[in-house]
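In what follows, every chain begins at residue 1, and chains take the letters A, B, ... in the order their sequences are listed.
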Protein chains: 2
Amino acid sequence: MLRNDYPGQVCSIARSLEVIGERWTLLIVRDVMNGRRRFDELQKGLGVARNVLSARLQRLIEEDILERRAYQQGPERYEYFLTEKGLDLWPALVALLHWGDRHSPSPEGPPMLIVHKGCGGAVSDRGICESCGKLLHARDARPVPGPGLKSAIGNADAVAAR
Amino acid sequence: MLRNDYPGQVCSIARSLEVIGERWTLLIVRDVMNGRRRFDELQKGLGVARNVLSARLQRLIEEDILERRAYQQGPERYEYFLTEKGLDLWPALVALLHWGDRHSPSPEGPPMLIVHKGCGGAVSDRGICESCGKLLHARDARPVPGPGLKSAIGNADAVAAR
DNA sequence: CGATGAGAGTTGCGTCAAGCAACCCAGCCC
DNA sequence: GGGCTGGGTTGCTTGACGCAACTCTCATCG
């Protein structure tokens, strides 16, 4: 996306997309949610241009979706973390993940699954545990590599399963 | 967004965003879901350039998210409808709507609310009716103008409440 | 009969963001 | 002192987006 104002739109969807609708932004959020925290790690994993990644991270910090913290002095090195606002994007990401899985399935099955940390059950498109029925939030779940990822092993750019 | 391939990404979120992550695309889907079906109606409502709208609609039809049907002969005139695949984007849109309402609230309150057609209850961020507890789908709900829209009345571009 | 208008686009041009590669800087490692 | 690592910044090129004008078909008005 280019300029991300949608003039004349009085709608929370439009306002949300102003922030997170830019190319790469939601993928950055997804990666940080999955435990990628450092610039180079994000850059290599996504294949995004470094200047674009830099711009997106700054925007996400301004919008209070990410936080930057130094993890060492000496040469200062930083890690990025999601704020509560960022973590709250989890239901939207889960919905998109399930939509992709349902309507453009990869032959091998979904490349990534989300499971409930508590009981290990699969998480539905609404972020509900299919095993125990609880309504989950970002911290209650974790991603696990699915059957579709196996076909990508050997592909160096594939998401490093973590 | 520009080119919407995310090379080397083996992830359903990335694949979803290849299709619906382009600028305007999700807003077009939202508008069609809310009953806007015609080219000019969409163009005026969104303020998007006509060539861009044309390109997006074609892409959405190729991807089987929208369907185009002639509603009159003579000069052929068309309407756009969501397919099942398109309707299945509803949970993601609801999640984004709620995220926007929670984290960048407009002072007047949310401009749009979603209610359960069956019982009139408010719909949660997970697409669940807060009144009767049912898990809803696109066809079970409808948008109603919220308190935040009143401040925009007189603004000709405001979403025509329908 | 000519003019006007609606609906649904297409064409052409200029601009500005994305992509790419190269560069920078500070510290540590050998 | 040459290279490596982490975290960026700079500069150039390309191509998507925004805007305005144009097209085409039929309907309606005076």
Contact under 4.0 Å: A/W24 side-chain N or O vs C/dG19 OP1/OP2 = yes
task = Starting at atom CD of B/Q73, determine the distance to atom P of D/dT25, rounded to an integer number of angstrom.
result = 15 Å
query = Counting side-chain heavy atoms from CB outward, which of D/dC17, D/dG8, D/dT25 is closest to B/R77?
reply = D/dT25
request  = Name the residue closer to the 5' end of DNA chain D, choosing between B/V52 and A/S54 according to the nucleotide with the nearest heavy atom.
outcome  = A/S54
query = Out of C/dG19, D/dG8, D/dT25, which has the shortest distance to the side chain of A/A49?
reply = C/dG19
Polar atom pairs between nucleotides 11-15 of chain C and protein, under 3.5 Å, N or O only, would you list them?
unit_1: C/dG12; atom_1: O6; unit_2: B/N51; atom_2: ND2; d: 3.1

ask   = What's the spacing between B/D125 CG and B/L96 CG if we round to 0.5 Å?
value = 11.0 Å
message = Side chains of B/D101 and A/S12: any donor to acceptor distance under 3.5 Å?
response = yes
inquiry  = With hydrogens left out and only the distance checked, is there a donor-acceptor pair under 3.5 Å joining B/R38's side chain and the base of C/dG7?
reply    = no
key: Between D/dT9 (P) and A/D40 (CG): distance, integer Å   = 13 Å
request  = Only counting residues at least two apart or in another chain, list the ones meeting side-chain contact (heavy atoms from CB on, under 4.5 Å) with A/L53.
outcome  = A/I28, A/F39, A/L42, A/Q43, A/V48, A/L57
note = Result for 5'-nearest mapping on DNA chain C, choosing between B/L57 and A/A55, is B/L57
note = Taken to the nearest whole Å, CZ/A/R37 to P/D/dG6 is 16 Å
ask   = Partners of B/A55 by side-chain contact (heavy atoms from CB on, under 4.5 Å), sequence neighbours excluded?
value = none
note = By ring pair (Phe, Tyr, Trp, His ring centres under 6.0 Å), A/W99 pairs with (sequence neighbours left out) A/H103
inquiry  = Side-chain N or O of A/Y80 versus OP1/OP2 of D/dG6: is the shortest distance under 4.0 Å?
reply    = no
inquiry  = Please report the distance, rounded to the nearest Å, between CG in B/L27 and C1' in D/dC17.
reply    = 15 Å
key: d(CD, B/E41; P, C/dA6) in whole Å   = 15 Å
task = Rounded off to whole Å, could you give me the OH-to-C1' distance for the B/Y71 and C/dA8 pair?
result = 9 Å
query = In whole angstroms, how far is the P atom of D/dT5 from the NZ atom of A/K44?
reply = 8 Å
message = According to salt bridge (charged side-chain N to carboxylate O under 4.0 Å, His left out), does anything in residues 73-85 of chain A pair up with another residue at least two apart or in another chain? List the pairs.
response = A/R38-A/E79, A/E84-A/R139
Between D/dG18 (P) and B/L53 (CG): distance, integer Å = 11 Å
request  = Each residue besides A/Y78 in its hydrophobic cluster should be listed here, by chain and number; the cluster joins Ile, Leu, Val, Met, Phe, Trp and Tyr at side-chain heavy-atom distances under 4.5 Å.
outcome  = none
inquiry  = Please determine whether a side-chain nitrogen or oxygen atom of B/R56 lies at a distance below 4.0 Å from atom OP1 or OP2 of D/dC17.
reply    = yes
